[in-house]
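This report concerns only the one structure given below.
Throughout, a chain's letter reflects where its sequence line sits, starting with A, and its residues are numbered from 1. Predicted model only: the values in this text are computed from it and were never measured. Just the heavy atoms: all of them, side chains too, but no hydrogens, waters or symmetry mates, feed the values below.
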Protein chains: 2
Amino acid sequence: MNPQSDELDWQDARPLYQVKADMFKGLAHPLRVRILEVLAGGDEVPVTELMRATGLEPSHLSQHLAVLRRHRLVVSERRASFVYYRLAFPEVAQLLTVARRLLVLALEESQDRLSATESLPEIGLQQVPG
Amino acid sequence: MNPQSDELDWQDARPLYQVKADMFKGLAHPLRVRILEVLAGGDEVPVTELMRATGLEPSHLSQHLAVLRRHRLVVSERRASFVYYRLAFPEVAQLLTVARRLLVLALEESQDRLSATESLPEIGLQQVPG
DNA sequence: CTGCGGATTCACAAACTCATCATATCGAGG
DNA sequence: CCTCGATATGATGAGTTTGTGAATCCGCAG
């Protein structure tokens, strides 16, 4: 198939939240996030490089790339005998950035909560009334 | 279960892209996006209101709320006999905003492409070699 | 045209997610 | 203590996504 021509029922009149959920589905897999991170790092990455970076076998990688294409998160272009991928829009990278920020916040918060409860067993060492 | 205490293997040393993918999984369902949009619209929404806004039956709604909690996208608090939900961090709303921007871009682009190809059938009227 | 390496698609079993219905919990009031 | 309304959890079948290997396609060199 021409790498530039997946279509996914675009012309839809679906409610916006459904379309959004669909986009998030495209992001909802570790390997696909990994791939997008690599693409965000340098625009125009050949499949060969992605294979190296992810350690996936061609078929598996290609399927995830197809998912990303269908969700319009990346675009591909064939030049000579190699296919190059890049993010379809810079906003995709932004999505990853916000996600990381969010992650860090959640992590910090849960560490706070953790250390708070972890300090409990130490109480025996502190001054005790009596 | 105490609505404030779902835990999802936090202390993990998983690669960051896996954790990110997990967060996107939490967003990858139309009803959950809908719920988050409602929560983004006014902080502190009672379940009753969410039920009204989404038209879901209690059990179904509750399950999606549980997913959102596990993914640390929302937090809940019980006061008197009602449970109130709100976004866990403002960044969650930002995620939705960026998603919408991205969506609009993708839509515009595909409309351009559409009108471009729709003009093709008219070619027969133009000058043809020979 | 033929062969080749790069990349994609097919086919299908295994794993996961969703919707639904039944059951259980929590807190307020009687 | 018992019941009621508000929420949450469990169990289950249906539907969807994923991983793997075989087969196919596409451009190019010979």
Side-chain angles (χ1 to χ4, degrees), chain A residues 1-9 17-18 21-35 38-39 44-71 73-86, chain B residues 1-9 17-18 21-35 38-39 44-71 73-86:
Chain A
M1 183 193 256
N2 176 333
Q4 206 55 239
S5 70
D6 309 67
E7 295 299 329
L8 177 71
D9 263 6
Y17 58 82
Q18 207 164 355
D22 228 60
M23 142 170 301
F24 286 125
K25 266 190 210 166
L27 293 161
H29 189 289
L31 293 175
R32 293 201 291 271
V33 170
R34 187 80 248 283
I35 293 171
V38 174
L39 294 180
E44 279 266 292
V45 182
V47 173
T48 328
E49 166 70 16
L50 289 173
M51 244 168 82
R52 217 190 36 62
T54 61
L56 293 174
E57 49 165 332
S59 148
H60 196 183
L61 172 58
S62 210
Q63 273 188 107
H64 282 296
L65 287 174
V67 173
L68 290 172
R69 262 184 279 130
R70 270 187 241 112
H71 287 271
L73 294 167
V74 305
V75 295
S76 65
E77 184 189 347
R78 172 165 228 144
R79 282 204 308 274
S81 45
F82 296 89
V83 177
Y84 299 84
Y85 278 82
R86 59 190 159 76
Chain B
M1 186 194 254
N2 177 331
Q4 205 56 238
S5 70
D6 309 70
E7 294 301 327
L8 178 69
D9 262 3
Y17 58 82
Q18 207 163 355
D22 228 61
M23 142 170 300
F24 286 126
K25 268 190 208 167
L27 294 160
H29 189 288
L31 293 175
R32 293 201 291 271
V33 170
R34 189 80 248 283
I35 293 172
V38 174
L39 294 181
E44 280 266 292
V45 182
V47 173
T48 328
E49 166 70 17
L50 289 173
M51 247 169 78
R52 215 190 38 60
T54 61
L56 292 175
E57 50 164 332
S59 152
H60 195 184
L61 173 59
S62 209
Q63 273 189 105
H64 281 297
L65 288 174
V67 173
L68 290 172
R69 262 184 280 131
R70 271 187 241 113
H71 287 270
L73 294 168
V74 306
V75 295
S76 65
E77 183 188 349
R78 171 164 229 144
R79 282 205 308 273
S81 45
F82 294 89
V83 178
Y84 299 83
Y85 278 82
R86 59 192 158 77

**Letter per nucleotide, 5' to 3', of nucleotides 18-24 of chain C [B base touched, S only sugar-phosphate touched, - untouched; heavy atoms, 4.0 Å]** = SSBBB--

Without decimals, in angstroms, what is the distance between [X] [atom1] and [N] [atom2]?
{"X": "B:R78", "N": "D:dG5", "atom1": "CZ", "atom2": "P", "result": "15 Å"}
{"X": "A:L61", "N": "D:dG21", "atom1": "CG", "atom2": "P", "result": "16 Å"}
{"X": "A:L68", "N": "C:dT8", "atom1": "CG", "atom2": "P", "result": "11 Å"}
{"X": "A:F82", "N": "C:dA7", "atom1": "CZ", "atom2": "P", "result": "6 Å"}
{"X": "B:M51", "N": "D:dG5", "atom1": "CE", "atom2": "P", "result": "13 Å"}
{"X": "A:I35", "N": "C:dA7", "atom1": "CD1", "atom2": "C1'", "result": "13 Å"}
{"X": "A:L65", "N": "D:dG19", "atom1": "CG", "atom2": "P", "result": "13 Å"}
{"X": "B:F24", "N": "D:dT17", "atom1": "CZ", "atom2": "C1'", "result": "18 Å"}

**Prompt:** Less than 4.5 Å apart, any side-chain heavy atom of A:T48 and any of A:M51?
**Reply:**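 No. Closest side-chain heavy atoms not under 4.5 Å.
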
**Asked** Residues in ring pair (Phe, Tyr, Trp, His ring centres under 6.0 Å) with A:H64, at least two apart?
**Response**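 A:H64 satisfies ring pair (Phe, Tyr, Trp, His ring centres under 6.0 Å) with A:H29, A:H60 once adjacent residues are dropped.
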
With a 4.0 Å limit, can you tell me whether [X] has a side-chain N or O closer than that to the phosphate oxygens OP1/OP2 of [N]?
{"X": "A:Y85", "N": "C:dT8", "answer": "yes"}
{"X": "B:S62", "N": "D:dA8", "answer": "yes"}
{"X": "A:Y84", "N": "C:dG6", "answer": "no"}

**Request:** Could you pull out all residues at least two apart from A:Q18 that satisfy side chain to side chain donor-acceptor pair (under 3.5 Å)?
**Result:**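 For A:Q18 there are no side chain to side chain donor-acceptor pair (under 3.5 Å) partners, ignoring immediate neighbours.
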
**Request:** Return the set of residues passing side chain to side chain donor-acceptor pair (under 3.5 Å) with A:E57 (not counting sequence neighbours), or none when no residue passes.
**Result:**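 In terms of side chain to side chain donor-acceptor pair (under 3.5 Å), with neighbours along the sequence ignored, A:E57 is linked to no residue.
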
**Prompt:** Base, sugar-phosphate alone, or nothing: which one does B:S81 contact when heavy atoms must sit under 4.0 Å apart?
**Reply:**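 The residue B:S81 makes sugar-phosphate contact but no base contact.
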
**Message:** Taking side chain to side chain contact (heavy atoms under 4.5 Å, CB included) as the definition, give me every residue that meets it alongside B:T54, ordered by chain and number, with sequence neighbours left out.
**Reply:**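 Result, side chain to side chain contact (heavy atoms under 4.5 Å, CB included) vs B:T54: B:R34, B:I35, B:L56, B:L61.
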
**Contacts of A:R86 that satisfy side chain to side chain contact (heavy atoms under 4.5 Å, CB included) - sequence neighbours left out** =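 Here the qualifying residues are A:E44, A:V75.
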
**Item:** Derivation and outcome, side-chain contact (heavy atoms from CB on, under 4.5 Å), residues B:Y85 and B:L65
**Value:** CA-CA 9 Å; B:Y85 278 82; B:L65 288 174; 3.6 Å; yes

